A.B. asks: 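Once you've had a glance at the structure underneath, I'll fire off some questions.
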2 protein chains.
Amino acid sequence: MRLKLEDIGRMAGVSRSTVSRVVNGEPSVRPEVRERVEAVIRETGYTPNAAARSLVSNRTGVIGLVIPSRVHSLFEDPYFARLIQGVTFGSNRAGVTLSLFLAQNEDEERELYPRVVESGFIDGVIITATRMGDPLVERMTSRQIPLVMVGRPDLHQVSYVDVDNRDGARQAARHLVDIGADRIGVIGAPTNTTTGVDRLEGFIAGLQERDRTLDPDLLVEGDFSEPSGHDAMQVLLDRGVDAVFAASDTMALGALRAAHEHGVTVPDDLALMGFDGFGATTTSAPPLTTIEQPVADTAARAVELLLSLVSGEVEAPTSVVLPVELIERTSTARSPIRAES
Amino acid sequence: MRLKLEDIGRMAGVSRSTVSRVVNGEPSVRPEVRERVEAVIRETGYTPNAAARSLVSNRTGVIGLVIPSRVHSLFEDPYFARLIQGVTFGSNRAGVTLSLFLAQNEDEERELYPRVVESGFIDGVIITATRMGDPLVERMTSRQIPLVMVGRPDLHQVSYVDVDNRDGARQAARHLVDIGADRIGVIGAPTNTTTGVDRLEGFIAGLQERDRTLDPDLLVEGDFSEPSGHDAMQVLLDRGVDAVFAASDTMALGALRAAHEHGVTVPDDLALMGFDGFGATTTSAPPLTTIEQPVADTAARAVELLLSLVSGEVEAPTSVVLPVELIERTSTARSPIRAES
DNA sequence: GCCCGCACTGGGAGCGCTCCCAGTGACGTG
DNA sequence: CACGTCACTGGGAGCGCTCCCAGTGCGGGC
């Protein structure tokens, strides 16, 4: 049978209330009493009943991570694995439990999330990878539940943690110009995501800083997947490019594969770079230049922010934007133009 | 303010109890009353308080997925992403919530899991990727909580779902012999996992069925990671092989990379195959022959089994073993030996 | 020596639900 | 017509905890 506060109290010769105080670390317990109670707890391996606790405290110590249905085909993108891992570690550090919500389709999404969110099972949610105008965000914000988005929201006044996608893409553009690239192609991320928009706008801004513009014919939109990068690259190779910025590493790897298939050598014939900073870009042939974003840190900050929203320390909306870093590798080591000059 | 049963009852002109019966779908409610109550619930968007419910029912509707600390460096292996996805979908279908437990190290593991498991927050757990003799399994089984392992356990009498690793590796061995391979190398999975043991034993059994044996010099153990496959392949190429079985696709991709670096052409100079059936093996150059395992199905079955353990329909230990399938692709299309003959 | 205040402790109330038992009224049977 | 039966409904009890208020005992100040 499971022990309860009352039992521990009886065994330690104190009352329920005193045991509760010890368990919750309240100071108003005489040291010797505290010690006696703690000894009993240790011996018996007592753990408070979470349901009873949260019934009265209205806190569950559980946070939810919601990833919308459209992402599932993209789940092989290492980004999500890393994000989930980061959120988990952040939760562990804070002593809260993580629940994961993925839906297979819109219907399941519509039914699943509100039910869980309203049942009071969760203290707050982190939402990621929504598309712009996603009704999910609307539904979530209409509840009183604290919420943090990973990635900049488009319309809603919600708290979020994001990386500086604009700045990263700006750096990328300047880098490609600086190594001597002339016809610069872009494999964009979906423009129905703020990430896609920010990376594209940043890239254009970076080109402008070097008095260049983006040729609309050399912009092809991908969907973050490897095959979409591959297909986009085929288009760009047909149109003629000497440098390509892929808005994600996964797409960059697809682009690299297409280049190989076409007998195009990177970086000699073509400079190529990605965005994200995943491990696979270090072992590709050649290793890819990329913009490294701090995924684990992003996740950790999202958890922290959410918990301070839950506890009321911070008011929504609050946002955090983390810096990214250009990592130069072989794939942009020699520019074709510079090689000529 | 959140509504409670009492409020709904008042609004519908019935008692708390009747509303409870409606919510729980009990038959003993007059249809017209039921309808009235359901109408009020729909209008108000009432959802029962999960904490109160589980306080009395001793069920939370939450299951845990535990992945031990040693896996984290391997988290980029698509296997875990797919498993998590599968478990999530299985949970959705069953109407339960999934909580995820990953620890960063042994200490965190020791502290995290028992606390959560004992708090009564969870109806049951799925554990995966334990190593043999893992104390985690011991700790988990010592609790009363229902438990299902993904992957065959080594010592404990616990329920599990696994794929037929032995049979898959047997098929692999026979395939490589049948295409005419002579010096067959193996990049093994860690032999402190039952998966590693089963795939190795199965491979040896397959060779024996073709009157072959495994040359101990041609067996190199990897750790499931891409770099470990790469390094193992370098060793095998030095020792001379004309076919290699890698016990995971990720390692096979690393092996392929090493082959490229050494100017070894697959499949002309060397037949290469993996195990898992991940997407990346279809886009590699060349696409890899592999043993496809049903990860999503494994996960779904694990959830099902766990829930029937929780409800008491099934007694532990119960096990499920799912079949795997050999998928032939270009990487073993022409054997070097057969090409000669 | 008395009283007040302080530090600590105990127990009642109640969180929102489920379970169970005791109604209540309609209907059928002897 | 009395009574038993059945279908349905209402409310008390209690799940294990936290919160709060009312003690209790001790020390210090007057």
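Each chain gets a letter, A, B and so on, in the order the sequences are listed, and its residues count up from 1. What you are looking at is a predicted structure, and each value in this text was computed from that prediction instead of being measured.
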A.B. asks: Whole angstroms only, please: what is the CZ-C1' distance between B:Arg59 and C:dT18?
C.D. replies: 14 Å
A.B. asks: Looking at B:Arg10 and B:Asp7, does any basic side-chain N land under 4.0 Å from a carboxylate oxygen?
C.D. replies: yes
A.B. asks: Could you report the tightest heavy-atom contact between A:Ser159 and A:Leu305, atom names first, then the distance?
C.D. replies: CB-CD2, 4.1 Å
A.B. asks: For B:Tyr160, check ring pair (Phe, Tyr, Trp, His ring centres under 6.0 Å) against everything at least two apart and list the hits.
C.D. replies: none
A.B. asks: Please state how far atom CG in B:Asn58 lies from atom C1' in D:dG16, giving the value in whole angstrom units.
C.D. replies: 10 Å
A.B. asks: Scan for salt bridge (charged side-chain N to carboxylate O under 4.0 Å, His left out) pairs involving residues 155-164 of chain B, sequence neighbours excluded, and state none if there are none.
C.D. replies: none
A.B. asks: Over its full length, what angle do the end axes of the helix from C:dG1-D:dC30 to C:dG30-D:dC1 make, each axis taken from five pairs and the result rounded to 10 degrees?
C.D. replies: 60°
A.B. asks: Between residues 25-39 of chain A and DNA chain D, which residues have a heavy-atom gap below 4.0 Å?
C.D. replies: none
A.B. asks: Restricting to pairs with a member in residues 26-42 of chain A, which pass salt bridge (charged side-chain N to carboxylate O under 4.0 Å, His left out), not counting sequence neighbours?
C.D. replies: A:Arg30-A:Glu32
A.B. asks: Dump the intermediate steps for side-chain contact (heavy atoms from CB on, under 4.5 Å) on B:Val96 and B:Asp123, then the final yes or no.
C.D. replies: CA-CA 10 Å; B:Val96 300; B:Asp123 290 341; 5.9 Å; no
A.B. asks: Check the distance between C:dG16's C1' and B:Leu3's CG and give it to me in whole angstrom.
C.D. replies: 12 Å
A.B. asks: With heavy-atom distances below 4.5 Å as the criterion, would you say the side chains of A:Arg131 and A:Pro68 are in contact?
C.D. replies: no
A.B. asks: Check whether any side-chain N or O of A:Tyr46 sits under 4.0 Å from OP1 or OP2 of D:dC17, and answer yes or no.
C.D. replies: yes
A.B. asks: Using a cut-off of strictly less than 4.0 Å, decide whether B:Arg53 has a side-chain nitrogen or oxygen near OP1 or OP2 of C:dT18.
C.D. replies: yes
A.B. asks: In whole Å, I'd like the distance from the CG atom of A:Leu5 to the C1' atom of D:dT18.
C.D. replies: 9 Å
A.B. asks: Between protein and nucleic acid, restricted to nucleotides 10-15 of chain C and to nitrogen or oxygen atoms under 3.5 Å apart, what atom pairs and distances do you find?
C.D. replies:
residue : atom : partner : partner atom : Å
C:dG10  : OP2  : A:Ser15 : N            : 2.9
C:dG10  : OP2  : A:Ser15 : OG           : 3.2
C:dG10  : OP2  : A:Thr18 : OG1          : 2.7
C:dG10  : N7   : A:Arg21 : NH2          : 2.9
C:dG11  : N7   : A:Ser17 : OG           : 2.6
C:dG11  : O6   : A:Ser17 : OG           : 2.4
C:dG12  : N7   : A:Arg16 : NH2          : 3.0
C:dG12  : O6   : A:Arg16 : NH1          : 3.1
C:dG12  : O6   : A:Arg16 : NH2          : 3.4
C:dA13  : N6   : A:Arg16 : NH1          : 3.1

A.B. asks: Between A:Val150, A:Thr298, A:Thr195, which is the residue that forms a side-chain contact (heavy atoms from CB on, under 4.5 Å) with A:Val163?
C.D. replies: A:Thr298
A.B. asks: So B:Pro48 and B:Leu5, do their side chains get closer than 4.5 Å, heavy atoms only?
C.D. replies: no
A.B. asks: Decide if atom CD of A:Glu313 counts as having more than 12 heavy atoms of other residues, nucleotides or ligands within a radius under 6.0 Å.
C.D. replies: yes
A.B. asks: Quick check: do A:Thr97 and B:Phe101 have side-chain heavy atoms less than 4.5 Å from each other?
C.D. replies: yes
